[in-house]
Amino acid sequence: MIEMKKTAKIALVTGASKGIGAAIALSLAQSGFDIWLNYRSDDDAANAVKQQIEAVGVTCQLLPFDVADMEQTDNALKPFLADATPFAVINNAGFARDTIMAMMSNDEWNDVLSVHLGGFFNVTRTVLPQMLRKRQGRIVNIVSTSGQTGVAGQTNYSAAKAGLIGATRSLAAEIAKRKILVNAVAPGFIETEMIADLPLEHILPMIPLGRVGKAEEVANMVEFLCSDKSSYITGQVFSVNGGACMP
């Protein structure tokens, strides 16, 4: 009897050329997912992650586009959606432009919301109709402790992440009957470029575990939420923050 090769599930990970996104893509690859890896412009970093993923023995398709741009999102994803549907969508793309509200420019407000909230909408709406037809899937949104508690100097970032938490819960309720689970993961201080210039001597005393987290520790939670082990979990926010925030 000829054994048929099982087709790997696909995970689309946005903002995955570095940091938490790269760790998520590699973790999902190690658990057997083929990866659609989105990034905006850093070709060298994206290709380095692609090599790591392919070394695991799965495929990696690079998808360079700006998630905040609906036209770019459509043009990049729809040719691939004609032949395949991701099982998992990880909305990770994001960045911070920190400043106090009184000095915040229109661009600093709009750009942050456009990437986090607009990016979530553009990518998820593009993929969701096919996921609904398949009646299966996982959507995981990467939010932040900042969106749970608020942080001075991050009104734009906190607003974007809090909005994404609300969107997570609403979408989870909306599509649960189609067996698509929607959850959020809220990292705290994680060892990435985003905290490189922060004063750790002031931050570490606020963290009960006494250290910053690793990107792989966030990726482990995302991997769990994309697995069969999370089959009765939807509409939840999972904190990965060393105890810094206990909502």
Side-chain angles (χ1 to χ4, degrees), residues 8-39 45-46 48-60 86-94 116 120 123 136-148 161 164-165 168-169 172 180-196 200 203-204 206-247:
K9 292 177 179 177
I10 296 166
L12 166 60
V13 187
T14 69
S17 64
K18 61 188 71 173
I20 290 172
I24 291 170
L26 184 57
S27 179
L28 291 175
Q30 290 168 338
S31 68
F33 281 87
D34 287 334
I35 303 298
W36 290 1
L37 191 151
N38 160 259
Y39 65 103
V49 179
K50 175 182 169 74
Q51 289 178 11
Q52 289 181 279
I53 288 170
E54 291 180 338
V56 173
V58 300
T59 67
C60 179
F87 176 81
V89 175
I90 317 302
N91 290 298
N92 169 75
H116 293 87
F120 155 77
V123 171
Q136 64 174 10
R138 305 284 194 274
I139 297 169
V140 181
N141 299 318
I142 306 303
V143 294
S144 172
T145 301
S146 180
Q148 296 174 294
K161 292 303 193 181
L164 197 47
I165 289 171
T168 297
R169 290 171 171 153
I180 301 169
L181 310 182
V182 189
N183 292 289
V185 175
F189 293 104
I190 305 297
E191 193 176 326
T192 65
E193 290 180 359
M194 284 189 70
I195 70 163
L200 289 182
I203 291 171
L204 293 181
M206 301 188 306
I207 305 173
L209 285 183
R211 65 174 178 87
V212 298
K214 299 180 184 300
E216 291 76 16
E217 292 173 309
V218 180
N220 289 341
M221 177 57 73
V222 176
E223 181 183 342
F224 166 72
L225 291 173
C226 293
S227 74
D228 292 339
K229 295 178 181 179
S230 67
S231 57
Y232 198 55
I233 301 171
T234 196
Q236 306 305 309
V237 181
F238 294 87
S239 298
V240 183
N241 61 31
C245 170
M246 301 185 190

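Please read these numbers as outputs of a predicted model, since none were measured by experiment.
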Next on the checklist: Using the rule side-chain contact (heavy atoms from CB on, under 4.5 Å), only one of I24, L12, T14 pairs with I90; which is it?
Outcome noted: I24

Checklist entry - Should the heavy atoms of other residues, nucleotides or ligands under 6.0 Å from CD of E191 be counted, would the total exceed 12? => result no

Checklist entry - Measuring from Q52:CD to I35:CD1, what's the distance to the nearest 0.5 Å? => result 12.0 Å

Checklist entry - Is a side-chain donor or acceptor of S239 paired with a backbone partner of N241 at a separation under 3.5 angstrom? => result no

Checklist entry - Is there a donor-acceptor pair closer than 3.5 Å between any side-chain N or O of K18 and the backbone N or O of V49? => result no

Checklist entry - How far apart are the closest heavy atoms of I207 and G242, and which atoms are they? => result CG2-O, 3.7 Å

Checklist entry - Roughly how far, to the nearest 0.5 Å, is the CG atom of L28 from the CZ atom of R138? => result 12.0 Å

Item to check | Distance, nearest 0.5 Å, that separates NZ of K50 from CG of L26 | outcome: 14.0 Å

Item to check | Main-chain N/O of S146 paired to K161 side chain as donor or acceptor, under 3.5 Å | outcome: no

Item to check | Heavy-atom pair of closest approach, residues C60 and L37 | outcome: SG-CB, 3.9 Å

Checklist entry - Can you tell me how far CZ of F87 sits from CD of Q136, rounded to the nearest 0.5 angstrom? => result 5.5 Å

Checklist entry - Going through the distances and angles, do I142 and V222 end up as a side chain to side chain contact (heavy atoms under 4.5 Å, CB included)? => result CA-CA 9 Å; I142 306 303; V222 176; 3.8 Å; yes

Checklist entry - Can you name the nearest heavy-atom pair linking V56 to A29, along with the distance? => result CG1-O, 3.6 Å

Next on the checklist: Is it the case that the side chain of N38 and the backbone of V13 share a donor-acceptor pair, with hydrogens and angles ignored and the cut-off at 3.5 Å?
Outcome noted: no

Checklist entry - Hey, what do you get for CG (N141) to CD1 (I165), rounding to the nearest 0.5 Å? => result 10.0 Å

Checklist entry - Sub-3.5 Å donor-acceptor pair from the side chain of S230 to the main-chain atoms of L225, do we have one? => result yes

Item to check | Gap between atom CD of Q30 and atom CD of E216 - 0.5 Å precision | outcome: 9.0 Å

Next on the checklist: For the backbone of T234 and the side chain of Q236, can you confirm whether one donor and one acceptor N or O come within less than 3.5 Å of each other?
Outcome noted: yes

Checklist outcome for this item: Tested for side-chain contact (heavy atoms from CB on, under 4.5 Å) against N91, the lone hit among I139, T168, V140 is I139

Next on the checklist: Under a 3.5 Å distance rule, please check whether S144 uses its side chain to pair with a backbone N or O of A186 as donor and acceptor.
Outcome noted: no

Checklist entry - Which heavy atom of A8 sits nearest a heavy atom of G32, and at what distance? => result CB-O, 3.5 Å

